[in-house]
Amino acid sequence: MELWSAAHLKTLLPSIGVMLVLCVLFRLWLGKMPRRIRMIPLQVIAVILLVLEVGKQAVSFSCGYDLYHIPLHFCSLFLFSIPLMAFYRGKHDGIVSTLTTVLCGSATLLMTVYPALIYSSGNIEAYFSDFMSFHTVTFHTLVYFAFLLILTLQLYGDFGRRERKVTLVAITIYSVVAAVVSQLLKTNFTNMYHCNVPPIEDLRQTLIASWGYAPAQLLYVGVLTVGHILFLWGLFALCKLLARGADRLFGSASEGVDEA
């Protein structure tokens with residue numbers, strides 16, 4: 001089980017460095033401005049993500065549509081959450097911002113620890129020759145960048161009980177929908193049909209051989225759903241700590257800023 005390939009080391013590490021430098025520059029430039037101005041970099045990312053997805057869907061349709069390209073993967077949630085956070089202004093703005101922060105934080109953590117799970121070295125090698133590989137690498141890198149911007153520009157919402165409840169309910173609903181659709185379409189959304197992590201997939205296959213497909217798959221999907229919930233619970237706590245750290249480092253986001 002390879003966490004980081006040589007291709008990831010050569011491309012992702014430098015990309016993270018560049019993104020951190022850009023975040024520092026954006027902080028110096030926009031840090032004391034109103035939130036609506038600080039939100040502009042995230043709005044640009046949101047638009048790029050949507051344009052990339054339109055291109056992905058168009059390419060897939062032109063080649064005879066692949067059901068795997070239905071935006072029902074965990075990372076597909078960013079197609080909705082990031083634009084919503086970037087452009088929505090209403091009474092639920094804080095909840096949307098917190099949910100998006102936690103979702104982006106989860107992808108950022110996985111890309112930092114296990115980038116080969118997110119996209120392969122083959123995707124990196126085919127970056128300039130295959131649109132789907134270009135989309136995969138660029139999309140997830142932009143989500144990583146979005147999370148760093150959310151922290152450095154203090155765009156996150158509150159991390160109270162209400163926000164935690166909404167986050168956990170949202171990931172539960174998503175997990176159930178993804179699990180059902182994965183079985184119906186026999187398509188691997190969020191690893192709900194089979195697992196891309198070899199040791200876990202080996203265990204799943206062993207259970208299927210011993211118990212039969214239905215009970216083994218039901219157990220697998222149930223455990224994975226609980227895992228999603230616990231993972232987001234932990235990410236919520238981690239993002240809360242990171243937000244507090246950002247507030248201590250930069251001061252309150254509202255200090256010296258006219259939010260009107």
Heavy-atom closest pair, residues [X] and [Y]:
X: Ala86; Y: Ala46; result: CB-CB, 4.1 Å
X: Leu3; Y: Pro115; result: O-CD, 3.2 Å
X: Leu235; Y: Val102; result: CB-CG1, 3.9 Å
X: Val96; Y: Ser81; result: CG1-O, 4.5 Å
X: Glu53; Y: Pro71; result: OE2-CB, 4.0 Å
X: Leu79; Y: Leu49; result: CD2-O, 3.7 Å

Give a yes or no on whether [X] and [Y] share a hydrophobic cluster (residues Ile, Leu, Val, Met, Phe, Trp, Tyr; joining criterion: side-chain heavy atoms under 4.5 Å apart).
X: Tyr88; Y: Leu155; result: yes
X: Val180; Y: Val169; result: no
X: Val113; Y: Val143; result: yes
X: Leu84; Y: Ile48; result: yes
X: Val44; Y: Met19; result: yes

Out of curiosity, [X] [atom1] to [Y] [atom2], how far, rounded to the nearest 0.5 Å?
X: His228; Y: Thr172; atom1: NE2; atom2: OG1; value: 10.5 Å
X: Ser97; Y: His92; atom1: OG; atom2: NE2; value: 12.5 Å
X: Ile229; Y: Ile171; atom1: CD1; atom2: CD1; value: 8.0 Å
X: Ile40; Y: Leu42; atom1: CD1; atom2: CG; value: 11.0 Å
X: Leu224; Y: Phe231; atom1: CG; atom2: CZ; value: 11.5 Å
X: Ile150; Y: Leu242; atom1: CD1; atom2: CG; value: 11.5 Å

Does a side-chain heavy-atom distance below 4.5 Å link [X] with [Y]?
X: Leu142; Y: Ile82; value: no
X: Phe74; Y: Asn191; value: no
X: Phe145; Y: Pro41; value: no
X: Leu50; Y: Pro83; value: yes
X: Leu13; Y: Trp4; value: yes
X: Asn123; Y: Met132; value: no
X: Tyr220; Y: Ile208; value: no
X: Gln183; Y: Val221; value: yes

Could you note down all residue pairs passing ring pair (Phe, Tyr, Trp, His ring centres under 6.0 Å) where residues 25-71 supplies at least one of them, sequence neighbours left out?
-> Phe61-Tyr65, Tyr68-His73

Would you mind listing every ring pair (Phe, Tyr, Trp, His ring centres under 6.0 Å) that reaches into residues 34-54, with sequence neighbours excluded?
-> none

Apply side chain to side chain contact (heavy atoms under 4.5 Å, CB included) to the pair Asn196 and Asn188, showing each step before the final yes or no.
-> CA-CA 9 Å; Asn196 291 331; Asn188 197 34; 3.7 Å; yes

Go through the steps to decide whether Phe147 and Leu103 satisfy the test side chain to side chain contact (heavy atoms under 4.5 Å, CB included), and finish with yes or no.
-> CA-CA 9 Å; Phe147 181 68; Leu103 291 175; over 6 Å; no

So, Ser62 side chain and Ser60 main chain: donor-acceptor pair closer than 3.5 Å or not?
-> no

Taking Thr98 for the side chain and Asp158 for the main chain, is one N or O donor matched with an acceptor at less than 3.5 Å?
-> yes

Taking the inter-plane angle between the rings of Phe131 and Phe134 on a 0 to 90° scale, is it parallel (under 30°), tilted (30 to 60°) or perpendicular (over 60°)?
-> tilted

Other members of the hydrophobic cluster containing [X], with the 4.5 Å side-chain heavy-atom rule, please.
X: Phe87; value: Val47, Val51
X: Val24; value: Leu28
X: Leu207; value: Leu203, Trp211, Leu219, Val223

Identified side chain to side chain contact (heavy atoms under 4.5 Å, CB included) counterpart of Arg35 within the set Leu30, Leu153, Asp93 | Asp93

Taking only residues two or more places apart in sequence, or in another chain, which ones meet Ser182 in a side chain to side chain contact (heavy atoms under 4.5 Å, CB included)?
-> Phe189, Met192, Tyr193

List in chain and number order the residues that pass side chain to side chain contact (heavy atoms under 4.5 Å, CB included) with Ala58, two or more places apart in sequence or in another chain; answer none if no residue qualifies.
-> none

Would you kindly say whether Asp247 and Tyr156 are connected by a side-chain donor-acceptor distance under 3.5 Å?
-> yes

Strictly by modelled atom types, are Thr152 and Arg38 linked by a side-chain donor-acceptor pair under 3.5 Å?
-> no

Not counting sequence neighbours, list each pair that qualifies as a side-chain hydrogen bond (donor to acceptor under 3.5 Å, both in side chains) and has a residue in [range].
range: residues 100-113; answer: Thr112-Tyr144
range: residues 11-28; answer: Arg27-Gln154
range: residues 231-246; answer: none

Could you walk me through whether Tyr114 and Val197 pass side chain to side chain contact (heavy atoms under 4.5 Å, CB included), step by step?
-> CA-CA 11 Å; Tyr114 191 0; Val197 181; 4.2 Å; yes

Can you tell me which residue pairs pass the salt bridge (Lys or Arg N to Asp or Glu O under 4.0 Å) test with a partner in residues 163-184, sequence neighbours excluded?
-> none

Taking only residues at least two apart or on different chains, which pairs with a member in residues 196-218 satisfy salt bridge (Lys or Arg N to Asp or Glu O under 4.0 Å)?
-> Glu201-Arg204

Can you check side chain to side chain contact (heavy atoms under 4.5 Å, CB included) on Met39 and Arg89, steps first, answer last?
-> CA-CA 11 Å; Met39 191 67 74; Arg89 298 294 175 264; 3.3 Å; yes

What about Tyr119 and His8, are their ring centers closer than 6.0 Å?
-> yes

Within 6.0 angstrom of Arg161 CZ, more than 12 heavy atoms from elsewhere | no

